[in-house]
**Student:** 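Right, I'll just put the structure down here and ask away after.
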Amino acid sequence: MPKARVPSVDALRGLIMIIMALDHVRDYFHQYATKFQPDDLTRTTAALFFTRWITHFCAPVFMFTAGLGAYLWLRPGRTTSELSNFLWKRGLWLVLLELTALRLLMNLSLTQGLVFLSILWAIGWSMVVLGFLVHLPIRPLAIFSVAVIALHNLADPIRAATFGAAAPLWNFLHQQGLFKIAGTPVVVAYPLVPWFAVMAAGYCFGPILQLDPPERRRWMLRIGTALTLAFIVIRAVNIYGDPSPWNGTSILSFLRVSKYPPSLDFVLMTLGPALLVLAVFDRRTFSRTNPLLVYGKVPLFYFLAHFALLHATLFVLTYLRYGRVDFLLRPLALGADPKTYPPDFGYPLWTVYLVWAAVVIALYPACLWFSRLKQRRNDWWLSYL
C-alpha cells in the first residue's frame, strides 16, 4: 500500500527543519552564544533577536505536524490500536535517542557532561501520551487539547520546590529545572505540558486535510488567521497568556514570549502563521526533489545528521583558527563558561548565516538518498527513522 503523505505538510515540515538549523548554527558559531541569550533585550540587536525568533516556529510546528502525521498513518486498513502501539513504540525510541545518540552528538560522550532533555525527549513522550489519547473521539480530544494549551499558564505560579523531593516530576511536566540523578546533572529543557496537547491538536486537525482542496484551504486560512489575531489581542491586553508581560514600548518585547514551556501566546504566535503558510503550500505542486519535500520526509535523519555536521565543521574551523580544539570538548552555549573559550571565540552573524546555508546544502544529497530509500522499501525499521 502506498504511504499516505501530503506534500504541503511535508513541505512545511521541511521548511522548519531548514530554519531549525539556523538556531543550532548560531548556538555553535556566534560570537555571543556563550555570553548572553539572543532575546536578552538589554544586550541583543534586532538582527540577532529575529535570528532567534524565527526559529521559535520550529518546535510547535513540528509537534503539530507530528500529530497530523499520526492521523495520516491511520489510513484504511489500520486500526486505532495499531496506531497507539506504533506511537508509544516510536515515542520511547525517540526518548532513547535523546539519551544516547543526541547526548553523544552534543557532549561527545555518553558518560560525561549533563543530561539535557530537549526536543526528542518532548516529542517522544508526547507521542506516548498521544498513543493513549487517540482512543478518544476527535471532538472531545480537540476540546481537551485546546483547553490544555489555553489554560496551562494558570499553573505558572506553582514552582517545583513546592513538591520537595518530588520536584523533578514538576520539572518534567511544567517547569524547566536542573537536578541530579546519581550525581549526574539533568536539565529538563522541554517540560511535557503543553507540548503533548500541541501534538494532539495536530492529530485533531487531520480530518481537515481530507476535505476537498478549496474547503480545506479555507479552513487553514480561517484557523490560521484566528490564531494569529488571537495572539495579537491577548498579547496586547497583557493580562494573561505569558508569564512575562511585555513592556508596552517595544516590538521586540511584544514578540518575546516564553518557550519553556510554550505559553499560550507562544503557541498562537507560531501555529497561526504556520497554518497560513500551509494553506499557501497546499496550492503549490512540489517536485519530488524539492528541498522542502526532501528534508520534510526525513526529519529525524536530518536532525541527527545536521548536529554531526555542525560539530565536525566547528572542529575544523576552530583548529584552523586556534590550532587547538580542547575547549570544545564540553557542551556549547548551553551553560558553557565563557572563560574556557578564547576571548575572540566565535564569528559575526553574517558568518553564521553562511555556515547555515552551507550545512543545509551539504545535507541535501544524503537526505535525498534516504528519502528515496524510504520510498522504495517498506522495512519496518525505516518507519522509526
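These values consider heavy atoms only, across backbone and side chains, with no hydrogens, waters or symmetry-generated copies. No experiment lies behind these values; they were computed from the predicted model shown.
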**Student:** Parallel under 30°, tilted from 30 to 60°, perpendicular over 60°: which one fits the rings of W125 and W121?
**Tutor:** perpendicular
**Student:** Atom CD1 of I138 and atom SG of C204: how far apart are they, to the nearest 0.5 Å?
**Tutor:** 4.5 Å
**Student:** Would you say V257 ends up clustered with L41 if hydrophobic residues are merged whenever their side chains have heavy atoms under 4.5 Å apart, either directly or through other cluster members?
**Tutor:** yes
**Student:** Mind listing the closest non-hydrogen atom pair of P168 and A165 along with its distance?
**Tutor:** CD-O, 3.5 Å
**Student:** What's the spacing between R217 CZ and L221 CG if we round to 0.5 Å?
**Tutor:** 10.0 Å
**Student:** Taking the six-membered ring of F286 as reference, does the NZ or CZ atom of R284 fall below 6.0 Å from its centre and within a 45° cone about the axis?
**Tutor:** yes
**Student:** Could you note down all residue pairs passing ring pair (Phe, Tyr, Trp, His ring centres under 6.0 Å) where residues 212-231 supplies at least one of them, sequence neighbours left out?
**Tutor:** F231-F254
**Student:** Please state whether the rings of F86 and W73 are parallel, tilted or perpendicular, taking 30° and 60° as the class boundaries.
**Tutor:** parallel
**Student:** For the rings on Y322 and Y341, is their centre-to-centre separation under 6.0 Å?
**Tutor:** no
**Student:** Centre-to-centre under 6.0 Å for F303 and F307, is that the case here?
**Tutor:** yes
**Student:** Surrounding CH2 of W93 (heavy atoms of other residues, nucleotides or ligands, distance under 6.0 Å), is the total greater than 12?
**Tutor:** no
**Student:** When you check the gap from the basic side-chain N to the acidic O, do R52 and D39 get nearer than 4.0 Å?
**Tutor:** no
**Student:** Parallel, tilted or perpendicular, judged at 30° and 60°: which one describes the rings of F196 and F144?
**Tutor:** tilted
**Student:** Check whether more than 12 heavy atoms from other residues, nucleotides or ligands sit under 6.0 Å from atom CZ of R324, and answer yes or no.
**Tutor:** yes
**Student:** Within the supplied structure, the quantity of interest is the number of heavy atoms (other residues, nucleotides, ligands) at a distance under 6.0 Å from F163 CZ; does it exceed 12?
**Tutor:** yes
**Student:** Supply the atom-to-atom distance T55 OG1 to D23 CG, rounded to the nearest 0.5 angstrom.
**Tutor:** 3.5 Å
**Student:** Relative to the ring of F50, is the ring of W53 parallel (under 30°), tilted (30 to 60°) or perpendicular (over 60°)?
**Tutor:** perpendicular
**Student:** Taking everything shown except Y32 itself, do over 12 heavy atoms lie less than 6.0 Å from its OH?
**Tutor:** no
**Student:** Does atom CZ of R288 have more than 12 heavy-atom neighbours from other groups under 6.0 Å away?
**Tutor:** no
**Student:** With D344, which residues qualify under salt bridge (Lys or Arg N to Asp or Glu O under 4.0 Å), at least two apart?
**Tutor:** R321
**Student:** Let me confirm one number: the OH-OG1 distance from Y28 to T313, rounded to the nearest 0.5 Å.
**Tutor:** 11.0 Å
**Student:** Counting only heavy atoms not in Y260 (residues, nucleotides, ligands), do more than 12 fall under 6.0 Å from its OH?
**Tutor:** yes
**Student:** Measure from the ring center of Y353 to the ring center of W356 and say whether it is less than 6.0 Å.
**Tutor:** yes
